Undergrad: 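Next up is a structure, given as structure tokens.
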Amino acid sequence: MPRRTVAIVFAVAVVIWVIDLVTKNLAAANLEGKEPVRVLGGLVYLQLVRNPGAAFSMATGMTWVLALVAAAVVVAIVWLSRRLRSVGWAIGLGLVLAGALGNLTDRIFRAPGPLQGHVVDFISAFAPNGQGWAIFNIADSSICVGGVLIVLLSLLGKDYDGTSTKDKKKAAAESAGEQA
């Protein structure tokens, strides 16, 4: 199972990372200097924004710190992936890994320079200019969906190692009963 779950983490991460890179490059090539493009009847607007900060433009000017945090997340997920026994956790961590890699790639390779690069955001939900919700990208969405999946699995008692919190409680209760 460990090889399978590691493969799932990296397959999900690579697929989403590539989608993120392609969509950011398309946005940069086609939306630069243009008015927001209305899509799906105004549910979504496509417009190019280069974000030097984190979500909701927090930590602007601390791009190098955000890059180091993203790098730490990548290392932690790679390290944890060897211990995974849960397909759900593998998918969730793969999504978070893809998002961290996508935004880290921007911070390393985009202008104004290494570890100072601005992240390409291009999806504005409900209204242009981020008036309805923050402007984001595929990497940001991937981090959010992966995070929600991991929290949901945790709330359901499913651990990364394939065990269940319910199983652990049942085994502890049985062990306590045997000792009495």
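All figures in this text were calculated on a predicted structure; none of them were measured in a lab.
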Undergrad: Listed by chain and number, what are the salt bridge (Lys or Arg N to Asp or Glu O under 4.0 Å) partners of Arg50, not counting sequence neighbours?
TA: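 Once residues adjacent in sequence are excluded, the partners of Arg50 under the salt bridge (Lys or Arg N to Asp or Glu O under 4.0 Å) criterion are Glu32.
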Undergrad: Between Val73 and Leu104, is a side-chain contact (heavy atoms from CB on, under 4.5 Å) present by the stated rule, with each step listed?
TA: CA-CA 10 Å; Val73 168; Leu104 180 60; over 6 Å; no
Undergrad: Through direct or indirect side-chain contacts below 4.5 angstrom among Ile, Leu, Val, Met, Phe, Trp and Tyr, which residues connect to Val22?
TA: Val14, Val18, Leu26
Undergrad: Quick check on the hydrophobic clustering: are Val49 and Val37 connected, directly or via other members, by side-chain heavy-atom contacts under 4.5 Å?
TA: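 As far as the 4.5 Å side-chain criterion goes, Val37 and Val49 are not connected within one cluster.
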Undergrad: Quick check for you: to the nearest 0.5 Å, what is the distance between Ser141 atom OG and Ile19 atom CD1?
TA: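 One gets 11.5 Å once the value is rounded to the nearest 0.5 Å.
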Undergrad: For Arg110 and Asn25, work out which heavy atoms get closest and say how close.
TA: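 Where Arg110 meets Asn25 most closely, the heavy atoms are NH2-OD1, 3.1 Å.
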Undergrad: Taking atom CG of Leu153 and atom OG of Ser164, what is their separation to the nearest 0.5 Å?
TA: 11.0 Å
Undergrad: Without hydrogens or angle criteria, can the side chains of Trp89 and Thr5 be said to hold a donor-acceptor pair below 3.5 Å?
TA: no
Undergrad: Where is the tightest heavy-atom contact between Leu97 and Ala13, given as atom of each residue plus distance?
TA: CD2-CB, 3.7 Å
Undergrad: When you look at Lys158 and Thr165, which way does the side-chain contact (heavy atoms from CB on, under 4.5 Å) test go after all the steps?
TA: CA-CA 6 Å; Lys158 305 295 182 189; Thr165 304; over 6 Å; no
Undergrad: Do Val151 and Val148 belong to the same hydrophobic cluster, where Ile, Leu, Val, Met, Phe, Trp and Tyr are linked whenever their side-chain heavy atoms lie under 4.5 Å apart, directly or via other members?
TA: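 No, Val151 and Val148 fall in different hydrophobic clusters.
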Undergrad: Using a 3.5 Å distance criterion without hydrogens, assess whether the side chain of Asp161 forms a donor-acceptor pair with backbone atoms of Thr163.
TA: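 The answer is yes, because a donor-acceptor pair under 3.5 Å joins these two groups.
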Undergrad: With respect to Ile77, which candidate in Val9, Leu101, Leu84 satisfies the side chain to side chain contact (heavy atoms under 4.5 Å, CB included) definition?
TA: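 The side chain to side chain contact (heavy atoms under 4.5 Å, CB included) with Ile77 is passed solely by Val9 among Val9, Leu101, Leu84.
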Undergrad: Hey, what do you get for OG1 (Thr23) to CZ (Phe122), rounding to the nearest 0.5 Å?
TA: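 With rounding to 0.5 Å, OG1 (Thr23) is 3.5 Å from CZ (Phe122).
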Undergrad: Donor-acceptor pair, Ser154 side chain versus Ile150 backbone, under 3.5 Å?
TA: yes
Undergrad: With a 3.5 Å distance limit and no angle check, can you tell me whether Ser124 reaches the backbone of Gly130 through a side-chain donor-acceptor pair?
TA: yes
Undergrad: Within the 3.5 Å criterion, strictly below it, is a donor on Asp106 or Asn137 matched to an acceptor on the partner's side chain?
TA: no
Undergrad: To check you understand the geometry: which heavy-atom pair defines the closest contact between Ala100 and Ala70, and what is its length?
TA: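 The pair with the smallest heavy-atom distance is O-CB, 4.1 Å.
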Undergrad: Under 4.5 Å between side-chain heavy atoms, counting indirect links through other Ile/Leu/Val/Met/Phe/Trp/Tyr residues: same cluster for Val69 and Val119 or not?
TA: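 No, it is not one cluster - the side chains of Val69 and Val119 are not joined through contacts under 4.5 Å.
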Undergrad: Quick one: name the residues clustered hydrophobically with Leu152, using the 4.5 Å side-chain heavy-atom rule over I, L, V, M, F, W, Y, and just say none if it's on its own.
TA: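 Direct or chained contacts put Leu152 with Leu156.
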Undergrad: side-chain contact (heavy atoms from CB on, under 4.5 Å) for Leu93 and Tyr160? Distances and angles first, verdict last.
TA: CA-CA 10 Å; Leu93 288 174; Tyr160 72 92; 5.7 Å; no
Undergrad: Is any side-chain heavy atom of Ile143 less than 4.5 Å from a side-chain heavy atom of Asn103?
TA: yes
Undergrad: Closer than 3.5 angstrom, by distance alone: can the side chain of Gln116 be matched with the main-chain N or O of Arg107 as a donor-acceptor pair?
TA: no
Undergrad: For a quick test of reading the model, state the closest non-hydrogen atom pair linking Pro36 to Asn129 and the distance between them.
TA: CG-OD1, 4.3 Å
Undergrad: Taking only residues two or more places apart in sequence or in another chain, which ones pass salt bridge (Lys or Arg N to Asp or Glu O under 4.0 Å) with Glu35?
TA: none
Undergrad: Would you verify whether the NZ or CZ of Arg83 falls within 45 degrees of the ring axis of Trp79 while also being under 6.0 Å from that six-membered ring's centre?
TA: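 Yes, Arg83 and Trp79 form such a contact.
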Undergrad: Which atom names give the shortest non-hydrogen contact between Ser142 and Ile16, and what distance separates them?
TA: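 Minimum heavy-atom contact is OG-CG2, 3.5 Å.
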Undergrad: I want to check something: taking the side chain as every heavy atom from C-beta on, are Ile123 and Ile138 in contact at a cut-off of under 4.5 Å?
TA: yes
Undergrad: What residues form a salt bridge (Lys or Arg N to Asp or Glu O under 4.0 Å) with Asp20, not counting sequence neighbours?
TA: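 Asp20 satisfies salt bridge (Lys or Arg N to Asp or Glu O under 4.0 Å) with Lys24 only.
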Undergrad: Does any non-hydrogen side-chain atom of Phe10 lie less than 4.5 Å from one of Val78?
TA: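 Side-chain contact under 4.5 Å: yes.
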Undergrad: Rounded to the nearest 0.5 Å, what separates atom OG in Ser86 from atom CD1 in Ile91?
TA: 8.5 Å
Undergrad: Going by side-chain heavy atoms closer than 4.5 Å, which hydrophobic residues are tied to Val75, directly or by a chain of links?
TA: none
Undergrad: Please check if Leu149 and Leu155 belong to a single hydrophobic cluster, counting links between Ile, Leu, Val, Met, Phe, Trp and Tyr side chain heavy atoms closer than 4.5 Å.
TA: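 No, Leu149 and Leu155 fall in different hydrophobic clusters.
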Undergrad: What do the steps show when you test Ile135 against Tyr45 for side-chain contact (heavy atoms from CB on, under 4.5 Å), and what is the final call?
TA: CA-CA 9 Å; Ile135 301 175; Tyr45 290 81; over 6 Å; no
